[in-house]
Amino acid sequence: MRTPLIAANFKMNKTVTEAINYFNEFKKLTADVKDVEIVVATPNILLYPLVNIVKGTNINLSAENVHWADNGAFTGETSAVTLKNMGVNYTVLGHSERRQMFCETNETVNKRLHNALKNGVKVIFCIGETLSEREENKTIQKVTSQITEGLKDITIEMMKDIAIAYEPIWAIGTGVTASSQQAQEVHAEIRKILNSLFNEEVAQSTRVLYGGSVKPANVKELMAQDDIDGALVGGASLKPESFIQIVKFK
Ligand code: 13P
């Protein structure tokens, strides 16, 4: 019932030339992919030259962040209006790297989320706990507050354009993946939180992705879990031949 969503997050990697070469290669590899939605988030500055390359393919481009205002005196920020005008229909928001290194809070992520949706840009909304929070048994408490505050004033209707990415911070870029059971446990809790904030239909229809050291060798087992609907992939998305194996997990 939920279409799998496999998303790449390039983070701050690749030049324009490297990105163009990647997409020219990757689009050939995705031509026969069916029943999986493919999203690739690249640094915002790379998106414009890529729009024409992915036109007519099954690859959706995504930004890695957007601002909460349509335009104005916000030096260095990216507008969802501009993204939409360019033909980019997705953005990642609330990534732990933004939260930890660039002072993003649940409140600023919520404001950005509202503006993205208002402008027709769908959102991959990231949440996740630190290692010490996990060790102190505070994982559910952490994701509950991130979801509750991050989705403030979001309606049932708006939830159709939001996917949640659960990315335990201790598993990002470390090579340590949460076990499929650990991920499944949190994903099931996330659906309970969605049920209490919205209703059972939203809880069952929202896609919940896992992120944190996903690679070709572990994607199948993760995707076999009942409540894992996709992946948000950093390092293993940077080479087309690696990322395509994750897209073709079946
Ligand atoms: P890695 O796949 O490199 O662990 O990164 C995960 C991530 O942060 C995706 O957003």
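One-based numbering along the sequence shown. Note that ligands are numbered from 1 as they come in the structure, with each ligand's atoms numbered from 1 the same way.
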Problem - Under 4.0 Å to a heavy atom of Ala171 - the qualifying atoms of ligand 1, by number - result: 4 (O)
Handout entry: Per-atom contacts of ligand 1 with Ile172, taking only distances under 4.0 Å to non-hydrogen atoms
Key = 4 (O), 5 (O), 6 (C), 8 (O)
Exercise for the section: Just say parallel, tilted or perpendicular for the rings of Tyr166 and His187, cut-offs at 30° and 60°. Expected result: perpendicular
Practice task
Could you tell me which atoms of ligand 1, counted from 1 in the order shown, lie closer than 4.0 angstrom to a heavy atom of Gly173?
Solution key: 1 (P), 3 (O), 4 (O)
Fill in the blank from the handout: Closest to atom 3 (O) of ligand 1 among protein heavy atoms sits Gly235 N, 2.8 Å
Handout entry: Parallel, tilted or perpendicular: ring planes of Phe74 versus Trp68, cut at 30 and 60 degrees
Key = perpendicular
Fill in the blank from the handout: heavy-atom search around atom 5 (O) of ligand 1 in the protein gives Lys11 NZ, 3.2 Å
Fill in the blank from the handout: protein heavy-atom neighbour closest to atom 2 (O) of ligand 1 works out as Gly234 N, 2.9 Å
Handout entry: ligand 1 N/O within reach of His95 N/O, cut-off under 3.5 Å
Key = yes
Problem - Salt-bridge criterion met for Lys142 and Glu136 (N-O under 4.0 Å) - result: no
Handout entry: Contact check, side chains of Lys27 and Ile59, non-hydrogen atoms, under 4.5 Å
Key = yes
Exercise for the section: Using distance alone, with no hydrogens and no angle criterion, decide if Asn71 and Ser79 have a side-chain donor and acceptor under 3.5 Å apart. Expected result: no
Handout entry: Any Gly212 heavy atom less than 4.0 Å from ligand 1
Key = yes
Fill in the blank from the handout: Leu232 heavy atoms within 4.0 Å reach ligand 1 at atoms 9 (C), 10 (O)
Problem - Protein contact of atom 9 (C) of ligand 1 - nearest heavy atom, named by residue and atom, plus distance - result: Glu167 OE2, 2.9 Å
Exercise for the section: Dump the intermediate steps for side chain to side chain donor-acceptor pair (under 3.5 Å) on Asp227 and Gln184, then the final yes or no. Expected result: CA-CA 6 Å; Asp227 292 301; Gln184 165 58 28; 2.8 Å; yes
Problem - Cluster link Leu83 to Val109, ILVMFWY, side chain under 4.5 Å - result: yes
Practice task
Report the relative orientation of the aromatic rings in Phe26 and Phe23; use parallel for angles under 30°, tilted for 30 to 60°, perpendicular for over 60°.
Solution key: perpendicular
Exercise for the section: Flag Ala236 as yes when one of its N or O atoms lies below 3.5 Å from any N or O atom of ligand 1, and as no otherwise. Expected result: no
Exercise for the section: Return a yes/no value for Ser213: is any of its N or O atoms, backbone included, closer than 3.5 angstrom to an N or O of ligand 1? Expected result: yes
